[in-house]
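So the structure is just underneath, and the comments pick up after that.
Quick note on labels: first sequence line is chain A, next is B, and so on, each numbered from 1.
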Amino acid sequence: MKTSIKEDSDNPVINIVFDTLNKNKQALVFFNTKKSAEKAAEDIAKRIKKDDMALKELASDVLKALPRPTRQCERAALCVAKGIAFHHSGLTSRQRNLVEENFRKGTIKIICCTPTLAYGLDLPAYRAIIKDLRRFSQRGLTWIPVLEYLQICGRAGRPSYDSEGQAIAIAATNAEKEKIIEKYINGEPEEIYSKLAVEPVLRMHVLSLIASDFTTTKKQLIDFFRGTFYAHQFKDIRRITTTISKIIGMLDEWEFIIRSGNDEFQSADETDDEKYKSTLLGKRVAELYIDPLTAYHIISCIKESSGKKLNEFSVLQMISHTDELRPLLKVGIKEHDYVQEELLKRHQFLLEQEPSMYEPEYDEFLNSVKTALMFDEWVNEKDEDFLLEKFNITPGETRSKIDRMDWMLYATSELCKLLHYQYVIKEIIRLRLRVRYGIKEELLSLVRLQGIGRVRARMLFRNKIKDLSDVKNAELSVLKQLLGEKIAVSVKNQVGQGDVLQEKELENAKLGEWE
DNA sequence: GGACGGTGAAACTTCAGGTTGCCTC
DNA sequence: GAAGTTTCACCGTCC
């Protein structure tokens, strides 16, 4: 099928987008970076003159997704006001939902996005326009997999909305056009490969198989993996057996499992009868669903901490330096000195051995320090806008990092409980609440109230209402002025009935017990 | 003559995304 | 590898 598109601009994306708009249809445009998705949305929005009340309201919602708008919120709102949006992991979840909902309603006509929108969403796009088929990787710019290309094309003309759809790939040169036709249109999708033999993945599976008593001997363990897709695909169980041996050794050394039978774990045939049992600690690690290596890292750091000075940076850096927090914030060239200076100030609080500058892992270590510094600012009540300017982390990414830090702090507190590290548990629980709310210590008691988060708690505190008894003593009229009628009444009820503290960890974390 | 501002070329920098625990309304 | 951003030299204008 041939379609001709008017070329009003030298930018093919803009031409196709306006052609789509003229047909009164909607489109998703895929880019390989967040920046280019945002820029394209802005370029398109600038060319649209019309104003629409509904869109203006929507733009204001997008702008107000955070207590203080970031420059990203401002850009997003300006685009949305013209019916154009960008969509990537950096948006807050509220903004993402607004964009998706309004695209579905037809209020938003065009979304410029990264591959976030390629998976799982059913949207009424007539066209999927693919601007970039190459993406930066460690080997430079590489072509995206055919499977991903097909996934993106599948976004156009969803059966629930349209009877047909178009996928348009943009080529910069003739050679690129040939390549696209050959690789993506006439080519075959890649084989799917099992990633089971990768150590971190296997580590978690081996421990959980043993912890759940699903496999209790080496023979059972190997039989289990013999039945997996990995074994089916590679027809070679030897490689996986070697990795399993290594992992069993580690899990044993870290005291997550106990072996009995043979002392040595050499090859499959000799020691088939070796039996495994998880320790209490190993069972908990498996239940917490964290990488055993992470658990070991945390446990060794906490062990090290006895007798040492400990502060929030200690714990934040310890957790930032785990696989679960990846990808970490990258230390840019210009930030190098700043991060190192800050590290020097906090050196005594480090729980792990600092790698030498000349070791390859030093960069990742510095990244973990930068990530910890970002969390440190967050628990000292810096807002998303500040974090975006200082650490170049977008609100959406901030949120996802906070959620993961929250989960890992929970896991850490559970491990400490099991190991009877009483002196750190309370600190960790307090820190977890501070991370969750983004608050300093002094607001901890106020955020225990429902409807009170970092902003309202700070407002109360500034007005000399510093804890629950102050809330109790405060005039309702004063609270109403500060919090609005509904929340003021609810807060009063909560202190009156005294049944606010239902959450178990909050119960444990009662201020009195902390000191 | 010097401060200031505009311009454009060159140098520099950076680059997608996601699941898990547990709890409560 | 490409696009966006920063830096810097150069030039013209104004006081």
Side-chain angles (χ1 to χ4, degrees), chain A residues 11 13 30-40 42-43 75 86-91 93 96 112-121 130-145 148-149 151-152 170 172-173 175-176 179 195 200-201 203-205 207-208 283-292 294-295 319 322-336 367 392-394 396-397 399-401 403-415 417 429 432-433 436 448-451 490 494 499-509:
Chain A
N11 181 338
V13 169
F30 290 87
F31 296 85
N32 63 1
T33 65
K34 288 182 270 199
K35 230 183 220 171
S36 36
E38 288 188 19
K39 181 155 186 306
E42 275 182 328
D43 289 348
R75 292 179 91 178
F86 56 82
H87 188 293
H88 55 60
S89 69
L91 292 182
S93 64
R96 276 205 294 252
C112 297
C113 59
T114 56
T116 21
L117 280 189
Y119 299 91
L121 279 170
I130 313 164
K131 166 65 177 55
D132 304 304
L133 278 162
R134 284 183 296 173
R135 185 178 304 143
F136 181 82
S137 72
Q138 280 170 347
R139 287 167 293 150
L141 273 195
T142 51
W143 294 93
I144 65 168
E148 193 177 325
Y149 166 82
Q151 187 66 36
I152 293 175
I170 295 176
T173 60
E176 209 173 293
K179 171 83 183 181
K195 294 203 174 78
V201 179
R203 231 167 10 219
M204 290 177 75
H205 287 307
L207 181 60
S208 76
K283 197 166 161 47
R284 196 70 189 108
V285 171
E287 283 168 356
L288 288 168
Y289 217 78
I290 54 179
D291 182 349
T294 296
I319 295 182
T322 62
D323 240 22
E324 279 79 356
L325 263 281
R326 278 190 186 161
L328 299 180
L329 301 192
K330 264 203 216 144
V331 178
I333 293 171
K334 285 180 196 158
E335 293 170 311
H336 219 267
N367 291 346
N392 196 23
I393 181 171
T394 53
E397 290 164 318
R399 193 71 249 164
S400 101
K401 284 270 175 292
D403 284 348
R404 273 195 259 183
M405 179 54 86
D406 179 63
W407 160 48
M408 290 305 291
L409 283 167
Y410 170 76
T412 307
S413 72
E414 287 297 296
L415 293 176
K417 253 184 222 171
I429 291 172
R432 186 180 173 209
L433 283 170
R436 198 180 265 188
R448 293 147 93 187
L449 295 164
Q450 212 173 53
S490 143
Q494 292 178 59
D499 60 356
V500 200
L501 312 173
Q502 287 162 356
E503 231 179 294
K504 217 172 76 202
E505 65 182 35
L506 285 173
E507 194 74 81
N508 295 335

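With sequence neighbours excluded, the residues satisfying salt bridge (charged side-chain N to carboxylate O under 4.0 Å, His left out) with A:R135 are A:E148. When the side-chain hydrogen bond (donor to acceptor under 3.5 Å, both in side chains) test is applied to A:N367, the partners found at least two apart in sequence or on another chain are A:E364. Partners of A:S137 according to the side-chain hydrogen bond (donor to acceptor under 3.5 Å, both in side chains) rule, which considers only residues two or more places apart in sequence or in another chain, are A:T142. Under the side-chain contact (heavy atoms from CB on, under 4.5 Å) criterion, A:E42 pairs with A:R75, A:C79, not counting sequence neighbours. Residues satisfying the side-chain hydrogen bond (donor to acceptor under 3.5 Å, both in side chains) test with A:K39, not counting sequence neighbours, are A:D43. In this structure A:H87 satisfies the ring-ring contact (aromatic ring centres under 6.0 Å, His included) test with no other residue, sequence neighbours excluded. With sequence neighbours excluded, the residues forming a salt bridge (charged side-chain N to carboxylate O under 4.0 Å, His left out) with A:D406 are A:R432, A:R436, listed by chain and number. Applying the side-chain hydrogen bond (donor to acceptor under 3.5 Å, both in side chains) rule to A:S413 yields no partners; only residues at least two apart in sequence or on another chain are considered. The ring-ring contact (aromatic ring centres under 6.0 Å, His included) check on A:Y149 picks up A:Y184, with sequence neighbours excluded.
A:D132 comes within 4.0 angstrom of no nucleic acid atom, judged by non-hydrogen atoms across all strands.
Look at CD on A:E287: it is 12 Å from P on B:dC23, rounded to the nearest Å. Between the CZ atom of A:R436 and the P atom of B:dC22 there is a distance of 13 Å, rounded to whole Å.
In summary, contact between chain A and DNA chain C, defined as any nucleotide atom under 4.0 Å from a heavy atom of the protein, begins and ends at C:dG1 to C:dT6 in the 5' to 3' direction.
The environment of A:Y119 atom OH is dense: over 12 non-hydrogen atoms of other residues, nucleotides or ligands sit within 6.0 angstrom.
Rounded to whole Å, the P atom of C:dG1 lies 37 Å from the corresponding atom of B:dT20.
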What are the atom names and distances for every N/O pair under 3.5 Å that joins the protein to nucleotides 13-20 of chain B?
residue, atom, partner, partner atom, Å
B:dA16, OP1, A:K34, N, 2.9
B:dA16, O5', A:N32, O, 3.1
B:dA16, N1, A:R135, NH1, 3.3
B:dG17, OP1, A:S89, N, 2.9
B:dG17, OP1, A:S89, OG, 3.3
B:dG17, OP1, A:T114, OG1, 2.9
B:dG17, OP2, A:S89, OG, 2.8
B:dT20, O2, A:Y289, O, 3.4

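In the helix from B:dG1-C:dC15 to B:dC15-C:dG1, the end axes, each obtained as the rotation axis mapping the C1' atoms of four pairs onto the next four within a five-pair block, lie 10° apart to the nearest 10 degrees.
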